[in-house]
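Right, one structure below, let's go through it.
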Amino acid sequence: MKYEVLKKDKTDEETSGHALHDYDKMYASFSWKASEKEFVSDDGCLNAAYVAIDRHVGTWRRNKLALIFEDEAGFIEKFTFEDLSLLSNKVGNILKDFGAERGDRVFLFLPRTPYLYISFLAILKIGGVAGALFSAFQEQALFDRLEDSSTSIVITTSQLLPRLSGIRKKLKNLKHIITVDTDDFKTSVANASADLRIAGTRPDDHAFMLYTSGTTGKPKGVVHVHKAIVHQAMSARLVLDLKEDDTYWCTADPGWITGISYEILGNLALGITTLVFSGRFDPKRWYTLLAAHKVTVWYTAPTAIRMLMAQGVSLPKSFDLSNLRHLCSVGEPLNPEAIRWSIKAFGRPFHDTWFQTETGAIMIANFATLDIRVGSMGKPMPGVVAAIVDDSGRQVPNGTEGNIALRPGWPAMMQAIWKRLGKYHSYFINGWYMSGDHGTKDGDGYFWFIGRADDVIKTSGERVGPFEVESALVEHPAVVEAGVIGKPDELRGEIIKAFVVLDKDQRSKIKNQKDGERLKEELMEYVKKHLAGHAYPREIEFIDSLPKTRSGKIMRRILKAKELGLPVGDTSTLEEY
Ligand code: WTA
């Protein structure tokens with residue numbers, strides 16, 4: 001196997017400042033038990049919001065900046081650890097007044113404004129289970145998640161509220177919707193007590209959940225527990241290399257796991273000043289933010305890096321980015337080209353990291369002091385045992401393609417799929433957690449990503465299940481059936497492509513190309529409006545029939561092979577083709 005190696009300086013001077021100096025030594029000696037001691041109190045209780053915020057208030061960090069917010073218009077708001085402690089106490093008391101109890105699901109449907117972060121912490125403090133809903137979600141996506149989780153309270157803004165109004169009546173367990181940008185809420189916050197007894201949650205109590213997509217069925221609720229913060233904090237230290245004086249910017253949205261694990265929990269547990277930008281992606285603006293806030297550590301995603309790359313190196317060179325010292329990437333394959341470009345643009349490489357909603361924290365990564373094999377995801381985080389196994393869970397020889405698998409036992413591992421025990425157990429085979437990703441491991445323990453083992457789509461780093469998109473499409477009166485795949489795309493990694501079988505009458509109405517284009521536009525808009533702004537098919541193709549198994553399952557594998565001009569493989573189980 002041929003690859004490029006970026007050698008890291010191994011002199012003492014260079015490595016001594018990093019939490020991880022010698023990977024092999026630390027990997028051999030690391031223990032989660034020892035790590036826990038730093039975060040868990042002696043009485044055996046662990047509340048992740050306490051660890052992230054209140055723990056610091058009794059130390060010199062009390063007046064340290066915790067979160068800096070900048071919005072699209074350039075308005076900046078800053079919160080110290082004490083500010084966040086008091087405000088989350090107040091919101092915790094407000095939630096209690098609304099009747100929220102331990103174990104209740106309280107969901108956040110909010111853009112990246114301070115109350116998203118404050119409310120998340122407040123929910124954990126009262127022992128509730130916080131759920132995050134990406135702000136691009138529309139009615140169907142919202143309904144599925146709120147219904148399945150039996151959420152009792154949703155926190156939102158007046159701008160997003162209308163999307164909940166239409167489904168509110170159908171949600172039997174939903175008792176309250178709290179709108180944070182109203183005068184009412186502001187008065188409640190002003191009047192609420194800032195004293196709150198933080199719930200004495202245990203390390204294994206549920207803390208938050210995120211819905212995520214698989215190949216089939218509706219999205220599933222991945223449940224995480226309070227002790228996940230031990231892993232999130234340790235990986236923020238060892239992989240993101242966060243240190244006391246850093247200004248750290250994570251570009252993810254807390255509607256996804258990266259935004260929760262590394263924009264709220266892991267980073268704040270270490271007491272790190274964190275920047276949150278709620279505006280849209282724009283290369284010039286991003287560089288302006290990096291320079292103006294003197295960002296030192298930056299965690300972003302390959303699609304964004306490729307979009308920056310498309311603007312060339314002269315733009316970043318025109319900014320003072322000399323404070324940047326460590327760059328990391330997550331969510332989709334990081335192409336070697338992007339690493340080479342980042343060396344030209346910033347004088348340093350992006351470090352790829354790999355994890356999933358289900359793993360809750362970084363599992364495999366390129367470390368600041370470890371040589372980078374360009375194109376590899378790196379090595380397992382200390383405390384994590386990773387391997388490549390076959391479908392029956394047996395390890396395969398180095399260099400052989402197989403399933404990326406992990407030995408259960410890391411603290412951030414999901415502890416349940418909400419109400420679906422069978423689904424949860426189906427992740428484990430022969431003592432391994434099966435990630436659903438394919439890859440290889442080389443002789444020196446570096447992992448290389450190959451692709452998904454299933455039909456899950458990654459578009460601009462966001463995870464979309466084909467079934468959800470197909471279901472949204474068939475809701476449209478013109479559509480009889482739909483099959484959805486991820487089509488490789490240079491910029492976005494993948495785009496969503498839908499193969500659509502039209503109703504006979506509709507088909508006869510299409511007289512020319514223009515009619516067809518118009519209907520495609522309409523279908524795209526329909527998915528955007530009903531399911532989610534990011535989950536619509538950017539390409540649609542009308543097709544006479546879909547390839548299916550004899551039992552009636554759509555064979556997306558065949559649609560994909562056809563799209564890519566590849567051999568379609570074994571079609572013996574096909575009903576029609
Ligand atoms: C993909 C995101 C290649 C992978 C944190 C995984 C990656 C899925 C990488 C999880 C990477 C994540 N290289 N692929 N470094 N990181 N993935 O749940 O397919 O949104 O299974 O969590 O993203 O997506 P999720």
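Counting starts at 1 for both ligands and their atoms, in listed order.
Contacts between Q356 and ligand 1 below 4.0 angstrom, taking non-hydrogen atoms only, involve backbone and side chain alike. Contacts between I257 and ligand 1 below 4.0 angstrom, taking non-hydrogen atoms only, involve the side chain exclusively. When heavy-atom distances to ligand 1 are checked against a 4.0 Å cut-off, F355 comes that close through both its backbone and its side chain.
The main-chain N or O of I362 is found under 3.5 Å from a side-chain atom of H231 such that the two form a donor-acceptor pair.
Salt-bridge annotation for E147 and K218: absent, with no side-chain N of the basic residue lying under 4.0 Å from a carboxylate O of the acidic one.
Residue contact check: P333 has heavy atoms under 4.0 Å from atoms 3 (C), 13 (N), 14 (N) of ligand 1. Here is the list of ligand 1 atoms found below 4.0 Å of a heavy atom in T258: 5 (C). With ligand atoms numbered from 1 in the order given, ligand 1 contributes 11 (C), 15 (N) to contacts under 4.0 Å with heavy atoms of D352. Counting the atoms of ligand 1 from 1 in the order shown, those under 4.0 Å from a heavy atom of T353 are 11 (C), 15 (N), 16 (N).
In this structure, R407 forms a cation-pi arrangement with W432, its terminal cationic atom sitting closer than 6.0 Å to the ring centre and no more than 45° off the ring axis.
The nearest heavy-atom contact from the protein to atom 24 (O) of ligand 1 is K458 NZ, 2.9 Å. Counting only heavy atoms of the protein, atom 1 (C) of ligand 1 lies nearest to G331 O, 3.4 Å. Scanning all protein heavy atoms for the shortest distance to atom 11 (C) of ligand 1 gives E332 O, 3.5 Å. Ranking the protein heavy atoms by distance from atom 4 (C) of ligand 1 puts D437 OD2, 2.9 Å first.
Each of L210, I229, I257 was scored for a side-chain contact (heavy atoms from CB on, under 4.5 Å) with H224, with one residue passing: I257.
Rounding to the nearest 0.5 Å gives a distance of 11.0 Å between CD1 of I260 and CE of M209. Rounded to the nearest 0.5 Å, atoms CZ (F367) and NZ (K8) are 10.5 Å apart.
Residue-to-ligand polar distances keep W256 apart from ligand 1: every N/O pair is separated by 3.5 Å or more. Polar contact with ligand 1: present for T357 (N/O pair, distance under 3.5 Å).
In this structure, W286 has its ring center closer than 6.0 angstrom to the ring center of F281. Taking the six-membered ring for Trp and the full ring otherwise, the centers of W256 and F134 sit less than 6.0 Å from each other. Taking the centre of each ring, W298 and F346 come in below the 6.0 Å mark.
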